[in-house]
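A note on names: the letters A, B, ... follow the listed sequences, proteins ahead of strands, and every chain is numbered from 1. Model, not experiment: these values are computed from the prediction.
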2 protein chains.
Amino acid sequence: MPPRFQKPFNSPACPVEAALGLIGGKWKGIVLYHLLGGTLRFNVIRRYIPGVTQRMLTAQLRELEADGLIVRVVFAEVPPRVEYSLSAKGRTLEPLIMALRAWGEEHVMPSSDAEVAA
Amino acid sequence: MPPRFQKPFNSPACPVEAALGLIGGKWKGIVLYHLLGGTLRFNVIRRYIPGVTQRMLTAQLRELEADGLIVRVVFAEVPPRVEYSLSAKGRTLEPLIMALRAWGEEHVMPSSDAEVAA
DNA sequence: GCCTATAGTATCGAAAAGGATACTGTGATG
DNA sequence: CATCACAGTATCCTTTTCGATACTATAGGC
């Protein structure tokens, strides 16, 4: 059935956009995806994502934290250690991220060998 | 048009970002969502989304079309009529969009709780 | 004494995104 | 005749995003 909604939405009203607003940042998808595997340190994430700059990664992590999706724990050590992990809310994203990944593999990856093996 | 894969990205190639790249545009989520309900004309979509400009809507629709998610049919009439609908590939997004919507409703919407800044 | 690693900031500037406005052509309406 | 609606373009300009680079502090290694 046609899920048609028409509300004034200049304010907070479209849940699809709202969700996309939280996970749609340039690097958020991959960051979240990697964190699905467990706690990671800053530079580990960075090495997982060649191409992201320190500045960008910091910005994305801070946004994810501000949105309550990840947790940032700072250890008062030298050299500094900061660990990132998904919050409870962040973990609720798991099926979504996995669905995104499955869809991407099947419908966008150019290499056409989309093995949807979990 | 942003280059989707400017580099040999990270090792698993990141299908999550690939998917997000297609549906993560500023208005694509809502456009897709409305099209889930069936074929729509340009101005109908526009009226469903107050806040989008003609220029932006055109751009988003063209990108969706270029990515093969929607189909654009022009009728040689006066006044002009152009109809947009989901392609077969676009329809495969339905569960994803619905999941996005459900997650957004549950985890980000103000949902009866305005929470005005203190 | 210098280099490395850590997890960032600060600053600059290029590039892209996005908004506002004006314009197109034609048939029907007033 | 003037105006409206349609589905856009074209142009200009502001805002935001993003990358590159340089810098911080401190401990340990060489």
Side-chain angles (χ1 to χ4, degrees), chain A residues 8-11 14 17-18 20-31 34-35 38-67 70-85, chain B residues 1-10 14 17-18 20-31 34-35 38-67 70-85:
Chain A
F9 107 170
N10 29 356
S11 283
C14 177
E17 286 301 311
L20 247 17
L22 297 197
I23 66 174
K26 187 166 188 189
W27 308 97
K28 291 183 186 177
I30 338 164
V31 169
H34 286 300
L35 285 177
T39 299
L40 296 174
R41 299 181 59 171
F42 185 84
N43 273 357
V44 174
I45 300 174
R46 193 145 91 99
R47 281 189 286 264
Y48 271 148
I49 312 173
V52 73
T53 60
Q54 221 169 19
R55 182 179 164 284
M56 269 300 106
L57 183 54
T58 300
Q60 300 284 288
L61 287 167
R62 289 300 145 87
E63 284 186 29
L64 289 169
E65 189 196 6
D67 289 331
I70 67 173
V71 176
R72 178 173 178 263
V73 180
V74 182
F75 293 83
E77 302 175 357
V78 147
R81 180 157 61 106
V82 180
E83 293 187 345
Y84 294 90
S85 50
Chain B
M1 245 166 284
R4 297 208 189 289
F5 293 103
Q6 69 257 47
K7 287 182 178 186
F9 214 36
N10 46 346
C14 205
E17 285 303 311
L20 247 16
L22 297 196
I23 67 175
K26 188 166 187 188
W27 308 98
K28 291 183 185 175
I30 340 162
V31 169
H34 285 299
L35 285 177
T39 298
L40 296 174
R41 300 180 58 169
F42 184 85
N43 274 356
V44 174
I45 300 175
R46 192 146 92 100
R47 280 188 288 261
Y48 272 148
I49 312 173
V52 74
T53 59
Q54 221 168 21
R55 181 180 166 284
M56 269 299 106
L57 183 55
T58 300
Q60 301 283 289
L61 288 168
R62 290 299 147 88
E63 283 186 29
L64 289 169
E65 189 196 6
D67 290 331
I70 66 175
V71 176
R72 178 173 177 266
V73 180
V74 182
F75 293 83
E77 302 175 358
V78 146
R81 181 157 61 105
V82 179
E83 293 187 344
Y84 293 90
S85 50

- With sequence neighbours excluded, what pairs up with A:Glu83 under the salt bridge (Lys or Arg N to Asp or Glu O under 4.0 Å) test? A:Arg81

- With side chains defined as the heavy atoms from C-beta onward, is the minimum distance between A:Val73 and A:Thr39 less than 4.5 Å? no

Identify all pairs in which a protein N or O lies below 3.5 Å from an N or O of nucleotides 9-15 of chain C, and state each distance.
residue : atom : partner : partner atom : Å
C:dT9   : OP1  : A:Arg62 : NH1          : 2.5
C:dT11  : O4   : A:Arg55 : NE           : 3.2

- Message: Rounded to whole Å, how long is the line connecting atom CD1 of A:Ile45 with atom P of C:dG8?
- Response: 9 Å

- Query: Between D:dC18, C:dA7, C:dG18, which nucleotide gets closest to the side-chain atoms of B:Met56?
  - Reply: C:dG18

- Message: Can you confirm whether B:Thr58 sits close enough to B:Phe42 that some side-chain heavy atom of one is under 4.5 Å from a side-chain heavy atom of the other?
- Response: yes

- Item | Residues in side chain to side chain contact (heavy atoms under 4.5 Å, CB included) contact with A:Val52, at least two apart in sequence or another chain | A:Trp27, A:Arg46, A:Ile49, A:Met56, A:Leu57

- Message: Taking salt bridge (Lys or Arg N to Asp or Glu O under 4.0 Å) as the definition, give me every residue that meets it alongside A:Lys28, ordered by chain and number, with sequence neighbours left out.
- Response: A:Glu63

- Task: Sequence neighbours left out, what passes side chain to side chain contact (heavy atoms under 4.5 Å, CB included) with B:Val78? Give chain and number order.
- Result: none

- Task: Over all heavy atoms of both residues, which pair between B:Leu20 and A:Gly24 is shortest? Give the atoms and the distance, please.
- Result: CG-CA, 4.5 Å

- Kindly write out the residues that satisfy side-chain hydrogen bond (donor to acceptor under 3.5 Å, both in side chains) with B:Gln60, not counting sequence neighbours, or none if the list is empty. none

- Residues of residues 73-82 of chain B with any non-hydrogen atom less than 4.0 angstrom from an atom of DNA chain D: list those, numerically ordered, please. B:Pro79, B:Pro80, B:Arg81, B:Val82

- Message: Holding to side chain to side chain contact (heavy atoms under 4.5 Å, CB included), I want the full list of residues that pass it with B:Arg72, two or more places apart in sequence or in another chain.
- Response: B:Arg62, B:Glu65, B:Val74, B:Val82, B:Tyr84

- Could you list the residues that satisfy side chain to side chain contact (heavy atoms under 4.5 Å, CB included) with A:Ala18, not counting sequence neighbours? B:Val108, B:Met109

- Position toward the 5' end of DNA chain D (nearest nucleotide), B:Asn43 or A:Thr53: B:Asn43

- Query: So how far off straight is the helix from C:dG1-D:dC30 to C:dG30-D:dC1, going by the axes through five pairs at either end, to 10°?
  - Reply: 20°

